[in-house]
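Numbering starts at 1 and runs along the sequence shown.
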Amino acid sequence: MGGGSRSALGALVPSVKLEPLTSEESPPETVAQAQQMAIPAPEKEEAEEQGLDKDVLCPICMQVIKDAFLTPCGHSFCYMCIITHLKNKSDCPCCSHYLTATQLYPNFVLNKLLTKTTARQIAKTALPVEQLRQAIEQTQKDLQYIKEDIRSVEKYRIELYRATGRCSSKMRILGDESSAKFPAFLDKQSYGTTTNVPNAQGECIAVSNSVQTQITKAPFDSQLIQREIAQNGSDSQHAVARRRRVHAQFSDLQDCYLQKRRHWASNSQKQEERVSNGTKEGYNAGLADFQSVFSTFTRYSRLRVVAELRHADLFHSANIVSSIEFDRDDELFAIAGVSRRIKVFEFASVINEPAADMQCPIAEMPTRSKLSCLSWNKYKKNYIASSDYEGIVTVWDVTTRQSVMEYEEHEKRAWSVDFSRTEPSMLVSGSDDCKVKVWCLRQEASVLSIDMKANICSVKYNPGSSFHVAVGSADHNIYYYDLRNISQPLHIFSGHRKSVSYVKFLSNNELASASTESSLRLWDVKDNIPLRTFRGHTNEKNFVGLTVNSEYIACGSETNEVFVYHKAISKPAAWHSFGSDMNEADAEIGSYFISAVCWKSDSLTMLSANSQGTIKVHVLAA
């Protein structure tokens with residue numbers, strides 16, 4: 001049942017029980033749906049459209065179904081039609097089977113098909129002239145957005161210059177007074193040196209460097225950035241690097257700006273709420289949203305290594321770290337992998353101790369099998385859960401170094417385990433046996449089991465709910481379940497072309513996923529839509545880790561590098577190569593890969609580990 005017979009690298013890739021689906025395929029949610037929603041081959045498109053007219057009509061109103069709901073007997077109706085019918089009679093209008101409103105479920109497959117079909121028909125029926133007219137209208141709207149935002153930024157820039165003039169006058173007065181009262185060195189420390197900067201009228205005014213530094217944070221002001229470049233050598237390097245990042249990612253930044261501007265323009269009510277909650281006066285909410293992205297994305301360009309720890313085990317040749325996780329308070333972190341040990345380290349000690357090889361874990365727990373995943377309990381600081389290659393899910397007490405609970409229901413390797421943040425006594429696991437199981441610390445057996453069609457690579461609780469779980473599957477899809485009704489998932493996110501190795505939540509509504517097709521994806525689980533695809537790293541056969549915070553997504557690569565992406569930009573924002581500081585004798589880069597990554601809560605600090613057993617602490621830097 002374990003993976004002991006496989007190589008260390010090959011063991012990190014799940015064996016797929018079923019034949020993988022093609023990128024166009026999506027597994028039916030129920031047998032009835034599979035029969036009802038069978039879609040012909042693309043070459044039979046005309047026949048499909050002819051049959052579609054009949055198949056998508058509601059049997060009650062005989063119109064195209066709106067908000068399709070499915071009955072247990074396999075018939076779909078408009079939601080309002082079937083609800084109105086059931087108020088008078090308790091049967092299916094098609095087959096007369098007994099039916100109540102509680103037995104109805106949304107027909108996601110049919111709704112998705114109708115949406116795609118409608119869009120395709122509109123595209124086909126629209127004349128080229130109409131398509132051109134729509135494109136021109138959108139371009140005119142975008143140009144109007146740009147003009148409005150240029151005026152807003154220019155107005156804000158002038159206000160900044162005027163404020164600078166007033167501030168500089170006060171600084172000169174204070175400087176004259178302080179020169180008589182305080183030593184020169186104290187005055188310099190307090191106010192810094194001054195630089196001549198032209199004000200809005202073109203007059204030169206003296207501005208302290210500390211004030212000027214604040215001014216240069218104004219959005220989109222190239223003149224101020226140029227003056228910052230002239231200030232000193234260090235600032236010059238940073239400014240030049242920042243400008244290069246803007247030019248290199250200009251297309252993505254442009255798309256981001258237009259996307260956010262259009263989004264907020266179509267949500268006028270939300271825009272009013274955003275403006276009332278602190279957006280600069282005169283600024284559109286879409287511009288303010290983009291400014292936040294622009295600022296954070298261009299602020300950091302590299303991962304600086306601040307500490308290193310070598311985890312290599314003398315008694316085990318395999319040092320792959322499969323999982324690395326911080327505890328509730330970010331004071332401790334634990335690592336686990338194919339060496340059959342959970343090791344717990346004190347983060348502050350690793351940072352402060354310069355001798356990496358001298359670090360010893362404060363706790364160590366041996367296991368019977370290779371470990372695949374760890375999850376700290378966010379309520380009980382000393383509880384940590386693990387999943388292993390024998391399919392066993394174990395809850396450990398780090399203080400006593402003993403197991404609290406062992407769950408052995410999985411029949412094959414368990415790839416993933418996760419504690420609920422809102423209900424800390426609950427945890428979920430996924431396995432190669434195609435089952436998702438929910439456990440409770442107060443019970444010895446699983447409280448819930450979901451049978452799926454392919455191997456489970458990753459499971460994750462929504463951080464804001466004890467009922468919603470995301471499941472990454474080897475059939476290329478992500479399934480989003482409400483555990484109160486597991487008859488079918490709430491959403492199925494399709495788009496990956498290979499196994500989904502990880503799923504992680506950035507927020508209650510944003511879900512990131514990783515796949516062995518060298519890509520990451522971002523999804524909106526509330527509106528059931530894809531948001532973005534990220535590419536730049538290499539990942540085709542191994543599990544290379546995935547970690548998220550509110551702004552950034554990070555993952556490993558089979559090139560022995562760590563990559564960081566801003567959630568609004570598709571290309572990497574920063575990366576670090578483990579091979580860049582390896583000895584030449586050890587630098588067979590092709591044989592190593594990054595195997596685990598983890599952010600330190602919502603900070604700029606991150607842990608990463610590679611297949612050689614090296615662990616590094618990184619900080620996002622300019």
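- In this structure, T296 contributes its side chain and V293 its backbone to a donor-acceptor pair below 3.5 Å.
- Of the inter-residue distances, the one linking W599 atom CH2 with S550 atom OG reads 10.0 Å to the nearest 0.5 angstrom.
- Of all non-hydrogen atoms in I351 and A307, the two that sit nearest each other are CD1-CB, 4.0 Å.
- In summary, of the residues considered (R535, H537, K567), a side-chain contact (heavy atoms from CB on, under 4.5 Å) with L520 occurs for H537 alone.
- Sorted by first and then second residue, the pairs that involve residues 459-473 and meet salt bridge (charged side-chain N to carboxylate O under 4.0 Å, His left out), not counting sequence neighbours, are D418-K460.
- Using a 3.5 Å distance cut-off with no hydrogens or angles, the side chains of S601 and D330 do pair a donor with an acceptor.
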Audit row: H496, E517, side chain to side chain donor-acceptor pair (under 3.5 Å) steps and yes/no: CA-CA 7 Å; H496 285 299; E517 61 180 8; 2.8 Å; yes

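- No side-chain heavy atom of V321 sits less than 4.5 Å from a side-chain heavy atom of N610.
- Looking only at distances, no side-chain donor or acceptor of S403 sits under 3.5 Å from a matching main-chain atom of M405.
- A donor-acceptor pair is defined here as one N or O able to donate and one able to accept, closer than 3.5 Å; no such pair exists between the side chain of D252 and the backbone of D255.
- Annotation: the span from S323 atom OG to E325 atom CD amounts to 4.5 Å, rounded to 0.5 Å.
- Taking the six-membered ring for Trp and thresholds of 30 and 60 degrees, F333 and F345 have nearly parallel ring planes, at less than 30 degrees apart.
- With sequence neighbours excluded, the residues forming a salt bridge (charged side-chain N to carboxylate O under 4.0 Å, His left out) with E409 are K437, listed by chain and number.
- Of the possible donor and acceptor atoms, none in the side chain of D388 sits under 3.5 Å from a partner among the backbone N and O of K370.
- Looking only at atom types and distance, the side chain of S387 has a donor-acceptor partner in the side chain of S372 under 3.5 Å away.
- Of all the heavy atoms in L371 and A336, the pair that sits closest is CD1-CB, 3.5 Å.
- Using modelled atom types, one side-chain atom of S458 and one backbone atom of V503 make a donor-acceptor pair closer than 3.5 Å.
- By the neighbour-count criterion of 12 heavy atoms within 6.0 Å, atom NZ of K380 is sparsely surrounded, having that number or fewer from other residues, nucleotides or ligands.
- Ring-plane geometry between W415 and F543 is classed as tilted, the angle between the planes lying from 30 to 60 degrees on a 0 to 90 degree scale.
- For N542 (side chain) and V544 (main-chain N/O), no donor-acceptor pair under 3.5 Å exists by modelled atom type.
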Residues S429, H410; criterion side-chain contact (heavy atoms from CB on, under 4.5 Å); working and verdict: CA-CA 9 Å; S429 63; H410 282 302; 2.7 Å; yes

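- The CG atom of L427 sits 6.0 Å away from atom OH of Y407, with the distance rounded to the nearest 0.5 Å.
- There is no side-chain donor-acceptor pair under 3.5 Å between D524 and N509.
- With hydrogens and angles disregarded, no donor-acceptor distance shorter than 3.5 Å links the side chain of R302 to the backbone of L620.
- Applying the salt bridge (charged side-chain N to carboxylate O under 4.0 Å, His left out) criterion to E423, with sequence neighbours excluded, gives no partner residue.
- Minimum interatomic distance between A474 and C457 (heavy atoms only, all atoms of both residues): N-SG, 4.0 Å.
- The shortest distance between side-chain heavy atoms of I456 and V471 falls below 4.5 Å.
- Below 30°, between 30° and 60°, or above 60°: for H468 and Y480 the angle between ring planes is below 30°, a parallel geometry.
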Stepwise side-chain contact (heavy atoms from CB on, under 4.5 Å) test for E551 and H566: CA-CA 6 Å; E551 292 289 333; H566 190 284; 3.1 Å; yes

Derivation and outcome, side chain to side chain donor-acceptor pair (under 3.5 Å), residues R310 and T614: CA-CA 5 Å; R310 295 196 180 276; T614 301; 3.1 Å; yes

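- If you take CD1 on I594 and OG1 on T538, they are separated by 12.0 Å, rounding to the nearest 0.5 Å.
- Shortest non-hydrogen contact noted between A470 and L511 is CB-CD2, 3.9 Å.
- A donor-acceptor contact under 3.5 angstrom links the side chains of T559 and S557, judged on distance only.
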T605 vs V617, side-chain contact (heavy atoms from CB on, under 4.5 Å): CA-CA, chis, key distance, verdict: CA-CA 7 Å; T605 302; V617 183; 3.8 Å; yes

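- Checked against salt bridge (charged side-chain N to carboxylate O under 4.0 Å, His left out), K381 has the following partners two or more places apart in sequence or in another chain: D327, D329, E331.
- Residues F505 and Y461 share a closest heavy-atom pair of CD1-O, 3.4 Å.
- Between Y300 and V564 there is no side-chain heavy-atom pair separated by less than 4.5 Å.
- Between N377 and F419 the shortest heavy-atom distance is ND2-CE2, 3.3 Å.
- Counting heavy atoms from C-beta outward, S375 and I384 have side chains that stay 4.5 Å or more apart.
- Checking side-chain atoms of R532 against main-chain N and O of A568 turns up a donor-acceptor pair under 3.5 Å.
- Put simply, the side chain of I335 does not reach to within 4.5 Å of the side chain of R341, judged on heavy atoms.
- Side-chain N or O atoms of T367 include one that pairs as donor or acceptor with a backbone N or O of S369 at under 3.5 Å.
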V344 and M365: CA distance, side-chain angles, deciding distance, side-chain contact (heavy atoms from CB on, under 4.5 Å) verdict: CA-CA 9 Å; V344 180; M365 292 158 286; 4.2 Å; yes

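- Side-chain N or O atoms of N549 include one that pairs as donor or acceptor with a backbone N or O of S603 at under 3.5 Å.
- Taking the side chain to side chain contact (heavy atoms under 4.5 Å, CB included) definition, one finds that S608 meets it with V562, F578, V597, K616, H618, sequence neighbours left out.
- Between F294 and F290, the ring-plane angle classifies as tilted under the 30° and 60° cut-offs.
- For the residue pair N539 and T516, no side-chain donor N or O sits within less than 3.5 Å of a side-chain acceptor on the partner.
- Legend: residues meeting salt bridge (charged side-chain N to carboxylate O under 4.0 Å, His left out) with E444, ordered by chain and number and at least two apart, are absent.
- The side-chain heavy atoms of Y502 and T547, taken from C-beta on, include no pair separated by under 4.5 Å.
- Considering CD1 of I362 and OG of S349, their distance stands at 9.0 Å, rounded to 0.5 Å.
- Contact check for F493 versus S513: no side-chain heavy atoms found under the 4.5 Å cut-off.
- By the neighbour-count criterion of 12 heavy atoms within 6.0 Å, atom CZ of R328 is densely surrounded, having more than that number from other residues, nucleotides or ligands.
- Using a 4.5 Å cut-off on side-chain heavy atoms (C-beta onward), V459 and V417 make no contact.
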Evaluation steps, salt bridge (charged side-chain N to carboxylate O under 4.0 Å, His left out), between E510 and K504: CA-CA 9 Å; E510 296 171 302; K504 296 287 179 72; over 6 Å; no

